[in-house]
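To keep things clear, I will list the structure first and then write my remarks on it.
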Amino acid sequence: MQAIQSPRKISFLDSHTEGEPTRLILAGGPDLGNGPLAQRRERLRRDHDDLRTAAVNEPRGSDVIVGALLCEPVDPDCAAGVIFFNNVGYIGMCGHGTIGLITSLAYLGRISCGVHRIETPVGTVSATLHESGKVTIQNVPSYRHLSGVSVNILGHGKVTGDVAWGGNWFFLVEDHGRRLTLQHAEELTQFAWDIRTALASAGVTGRDGAEIDHVELFSHPDTGSAHSTNFVLCPGKTYDRSPCGTGTSAKLACLYAEGKLAPGEVWKQQGILGGIFEGSFQVQGEKIIPSITGSAYVTAEGSLLLDPRDPFRVGIVK
């Protein structure tokens with residue numbers, strides 16, 4: 001009788017940041033070497049993409065989950081390195097994911113309250129774990145790249161917005177005529193996807209031809225103390241349940257460029273579920289250094305099992 005091979009085991013810790021889930025891979029991933037995080041991300045993408053699909057795609061995950069592979073940092077002064085990914089690919093920086101990472105490292109007893117540096121493929125960020133449990137991340141330099149860009153959306157007409165970098169590329173739209181509520185999530189998802197498709201067709205990109213893979217809609221909040229409500233479409237045609245850390249960073253860059261927000265002023269950004277990120281910034285040349293504060297909560301821990309006999313051991317790949 002042929003022996004049954006043991007399943008491959010991948011240890012994980014789940015959290016959510018204002019409703020948006022993060023799955024932190026602790027052990028069981030491939031050996032990516034010890035080079036720069038951007039280099040290791042490319043090796044993961046090229047040679048070991050099955051880790052991504054197994055961890056966040058069905059049947060073990062869902063389209064909403066953002067994965068985070070915990071890595072040894074190059075710089076020994078950093079608390080950790082991390083590579084972010086989702087159901088369709090890899091993410092440069094993830095604000096909610098970094099808040100979830102810090103909360104998870106604290107739960108594991110690997111860090112205590114204070115300031116910690118985290119390496120990502122797009123640069124090193126710092127994060128402060130407060131006594132309250134809240135986390136403030138100091139994001140990568142952010143900036144508005146283009147303003148007042150118009151594209152025609154089939155069935156909707158002309159839409160005008162800004163292109164900005166906040167760790168990912170965003171197209172930010174305020175004048176859209178839609179209610180940003182959870183009840184309208186399906187309609188908003190399709191509308192934002194149509195905008196993304198139109199941007200690609202029109203050749204509108206980020207710097208150096210980079211694809212704009214996030215679309216962010218804004219409106220004034222109906223209630224509460226927030227300055228605005230947003231709806232953020234992520235690359236895998238899912239929407240961010242949180243107010244989106246990199247999206248809030250991109251918004252701060254646009255507000256600064258328009259002279260509507262001063263350094264050190266606090267901007268409260270409400271997400272589609274009602275959660276709030278508090279954002280502020282300092283100026284660095286022509287760019288800003290955003291700080292985003294939010295809360296995350298650990299929700300589960302365990303092991304993913306990849307049985308060699310399982311036809312979906314590396315996830316359902318679309």
Side-chain angles (χ1 to χ4, degrees), residues 10-18 20-44 51-52 55 65-86 90-142 166-168 242 245-246 248-249 277-282 284 289-301:
I10 298 172
S11 301
F12 74 92
L13 190 64
D14 280 356
S15 65
H16 81 81
T17 307
E18 305 296 350
E20 181 74 355
T22 304
R23 174 160 289 168
L24 180 63
I25 305 300
L26 301 171
D31 182 4
L32 300 175
N34 55 7
L37 264 291
Q39 194 177 88
R40 280 186 264 178
R41 179 182 63 179
E42 289 312 303
R43 191 172 297 126
L44 180 63
L51 173 73
R52 176 187 67 81
I65 294 176
V66 169
L69 176 62
L70 188 64
C71 302
E72 283 295 321
V74 176
D75 185 346
D77 289 335
C78 289
V82 63
I83 298 172
F84 293 110
F85 50 84
N86 66 2
Y90 295 83
I91 306 168
M93 167 58 186
C94 182
H96 96 265
T98 303
I99 293 172
L101 168 66
I102 293 295
T103 300
S104 296
L105 292 176
Y107 169 82
L108 293 168
R110 299 190 185 186
I111 62 171
S112 56
C113 292
V115 180
H116 306 278
R117 298 175 70 236
I118 305 294
E119 286 182 356
T120 80
V122 296
T124 298
V125 300
S126 70
T128 302
L129 176 61
H130 302 283
E131 293 283 351
S132 65
K134 286 191 173 186
V135 177
T136 298
I137 61 168
Q138 189 178 78
N139 197 10
V140 296
S142 303
N168 296 296
S242 81
T246 55
T248 300
S249 297
F277 283 166
E278 293 185 357
S280 62
F281 66 89
Q282 298 301 319
Q284 184 182 80
I289 306 297
S291 292
I292 308 295
T293 300
S295 298
Y297 307 90
V298 173
T299 57
E301 60 182 325

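Small disclaimer: the values here were computed from a predicted structure and weren't measured.
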Completion exercise
When every non-hydrogen atom of Ala80 is compared with those of Leu105, the smallest separation belongs to CB-CD1, 4.1 Å

Handout entry: Nearest non-hydrogen partners of Ala127 and Ile102, listed with the distance
Key = CB-CG1, 3.6 Å

Handout entry: Stepwise side chain to side chain contact (heavy atoms under 4.5 Å, CB included) test for Glu72 and Asn34
Key = CA-CA 7 Å; Glu72 283 295 321; Asn34 55 7; over 6 Å; no

Problem - Step-by-step side chain to side chain contact (heavy atoms under 4.5 Å, CB included) determination, Leu24 to Ser15 - result: CA-CA 8 Å; Leu24 180 63; Ser15 65; over 6 Å; no

Practice task
Say whether, by atom type as modelled, one donor and one acceptor occur between the side chain of His96 and the main chain of Pro21 under 3.5 angstrom.
Solution key: yes

Exercise for the section: Taking all heavy atoms of Gly95 and all of Ile137, pick out the closest pair and write down the distance. Expected result: CA-CD1, 3.6 Å

Problem - Heavy-atom side-chain proximity of Leu101 to Thr22 below 4.5 angstrom - result: no

Problem - Rounded distance (nearest 0.5 Å) linking atom CG of Asp31 with atom CZ of Arg43 - result: 8.5 Å

Practice task
State whether the side chain of Asn139 and the backbone N or O of Gly166 hold a donor-acceptor pair below 3.5 Å, judged by distance alone.
Solution key: yes

Exercise for the section: Could you tell me whether a side-chain N or O of Arg23 sits under 3.5 Å from a main-chain N or O of Gly67, the two making a donor and an acceptor? Expected result: no

Handout entry: Pairwise distance OH(Tyr90) to CD(Glu42) - rounded to 0.5 angstrom
Key = 9.0 Å

Problem - Atom pair OG1 (Thr246) and CG (Asn168), whose distance is rounded to the nearest 0.5 Å - result: 4.5 Å

Fill in the blank from the handout: d(His116 NE2, Leu129 CG) to nearest 0.5 Å is 5.5 Å

Completion exercise
Between Pro73 and Cys78 the two heavy atoms that sit nearest each other are CG-O, 3.5 Å

Completion exercise
In short, side chain to side chain donor-acceptor pair (under 3.5 Å) pairs touching residues 118-130 with sequence neighbours left out are His130-Thr136

Problem - Spatial distance of atom CD1 (Ile83) from atom SG (Cys94) [nearest 0.5 Å] - result: 13.5 Å

Exercise for the section: Might you point out which heavy atoms bring Ser249 and Ser142 nearest each other, and give the distance in Å? Expected result: CB-OG, 3.8 Å

Practice task
Show your working on side chain to side chain contact (heavy atoms under 4.5 Å, CB included) between Leu69 and Leu32 and close with a plain yes or no.
Solution key: CA-CA 11 Å; Leu69 176 62; Leu32 300 175; 3.7 Å; yes

Practice task
Please round to the nearest 0.5 Å and tell me the distance separating atom CG of Leu44 and atom CZ of Phe85.
Solution key: 7.0 Å

Problem - Residue pair Ala79 / Ile118: nearest heavy atoms and the distance that separates them - result: CB-CD1, 4.2 Å

